[in-house]
Amino acid sequence: MATRDPYEVLGVPRDASADEIKSAYRRLARRYHPDVNPDDPQAEEKFKEIGGAYSVLSDPNRRAKFDRFGSTDEQPTDPFFGGGGAGGFTDLFEMFFGNMGQQGPSRAQGRNGEDVRVDIGLTLKEVITGAHKEVAVNRTALCNACNGHGTEGGKPPESCTTCKGSGMVSRIQNTFIGSVRTSTPCPTCRGEGTIIKDPCKVCKGMGTVMETARVNVTIPPGIETGQTIHMPGQGGEGVGMGRSGDLYVVLSVSDENRFERQGTTLYTWAPLTFAQASLGDTISIEGVDQDYDLEIPHGTQPGEQLVVKNGGLPPLHGGKRGDLIIQAAIQVPKKVSEAQEKLLREFAELGGEPMPKGNSKGILGNLFGKKK
Ligand SMILES: [Zn+2]
Ligand SMILES: [Zn+2]
């Protein structure tokens with residue numbers, strides 16, 4: 001009856017987020033799945049325990065109830081325990097024994113499939129066009145050998161005679177206020193409602209096996225790193241009345257750093273010499289899906305923005321592409337020859353600019369002005 005602290009079972013802190021709980025569960029479930037440990041009955045027990053802990057912590061209501069009453073080791077042994085405000089003893093007992101004491105939902109109710117996450121990388125070019133990708137998804141699937149029943153031969157498991165298939169037994173308890181009727185999970189079938197006398201050898205009676213499925217994912221144009229495609233029902237297969245889990249495809253754009261991205265607009269820098277910026281030029285710029293010939297007007301200033309219309313990215317789900325914006329980065333020579341220096345001074349003189357005194361402390365020991 002006593003179950004261990006579900007936080008302890010999953011190895012997560014009390015303030016763990018839903019995601020942390022889910023990933024801890026997935027990691028453990030994979031490690032202890034009967035498929036992975038075919039000859040280890042302890043692993044199977046552990047697997048069930050993990051499932052039970054997860055069924056508590058993944059359900060906000062059940063988790064809140066557990067948090068409120070502490071570990072299940074503190075289960076009430078007498079009807080005085082924590083009775084106030086719990087809506088009567090029967091409720092309280094059901095709260096503990098009906099929900100907490102059970103290793104997950106009964107077989108009759110079925111078992112929901114798990115949610116699965118996969119990560120997909122795509123290029124900026126694919127952001128423009130959208131993409132179709134096939135991904136490998138590790139998920140549980142109904143065991144073919146037993147059709148998910150968990151029985152050798154695949155017949156539906158026999159109904160438990162103790163509880164007549166309900167999974168719960170009632171008993172009358174005498175308390176100071178009189179007789180109280182309480183329900184607890186059936187000890188014969190451990191709340192499952194059915195009994196498997198001869199478990200399926202393929203799935204060890206679990207009804208499910210792990211499979212690696214190929215799933216086609218359609219990625220719309222305009223995706224950004226961190227966005228997720230939700231594919232309902234593509235996660236682990238549900239058993240019985242349980243529903244299948246969902247697949248979450250998390251996307252990342254591998255070469256996003258080639259540009260600075262702000263929504264549909266892309267930014268980049270074009271290094272220009274002083275001469276190019278002064279006189280004007282045509283340069284080649286590498287865009288996402290093609291190269292562009294970019295006109296540099298004469299007199300272009302540092303940081304000035306030149307626009308390639310529709311050179312950016314489409315909005316999510318497609319549409320008109322944003323712009324590619326190129327900012328002029330004027331390069332100053334780190335070192336000039338004597339002949340260049342002479343011309344620069346002439347240039348300054350012709351423009352009526354102040355004559356530079358020069359500075360010999362440059363990194364490369366520029367000898368500007370030393371000779372005067
Ligand atoms: Zn039973
Ligand atoms: Zn099976």
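Below, each value reflects all heavy atoms present in this structure, side chains not excepted, and no hydrogens, waters or symmetry copies. Whatever order the structure lists them in is the order used to number ligands and atoms, beginning at 1. By convention here, the first residue in the shown sequence is residue 1.
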### Query
I219 and E126: side chain to side chain contact (heavy atoms under 4.5 Å, CB included), yes or no, with the steps?
CA-CA 9 Å; I219 302 164; E126 290 172 317; over 6 Å; no
Under 3.5 Å, side-chain donor or acceptor atoms of residues 291-307 against the rest of the protein: list the pairs with distances, not counting sequence neighbours.
unit_1, atom_1, unit_2, atom_2, d
T300, OG1, P297, O, 2.6
Q301, NE2, G299, O, 3.0
E304, OE1, Q301, N, 2.8

### Residue among T218, T228, V118, D119 satisfying side chain to side chain contact (heavy atoms under 4.5 Å, CB included) with V249
V118
## Note on the structure
Within the 2.8 Å cut-off the protein N, O or S neighbours of the Zn ion (ligand 2) are C143 SG, C146 SG, C200 SG, C203 SG
### Message
Classify the ring geometry of Y25 against Y54: parallel below 30°, tilted from 30° to 60°, perpendicular beyond 60°.
### Response
parallel
### Query
Can you tell which of E211, E114, E237 makes a salt bridge (Lys or Arg N to Asp or Glu O under 4.0 Å) with R139?
E211
### Query
So, T140 and T208: side-chain donor and acceptor under 3.5 Å apart, yes or no?
no
### For the Zn ion (ligand 1), every protein N/O/S atom that sits closer than 2.8 Å, waters excluded
C160 SG, C163 SG, C186 SG, C189 SG
#### Entry: Sidechain N-carboxylate O distance under 4.0 Å for R117, D246
no
### Exercise: do T123 and D255 side chains pair donor with acceptor under 3.5 Å
no
### Summary
So the side chain to side chain donor-acceptor pair (under 3.5 Å) pairs with at least one residue in residues 262-272 (sequence neighbours excluded) are E260-Q262
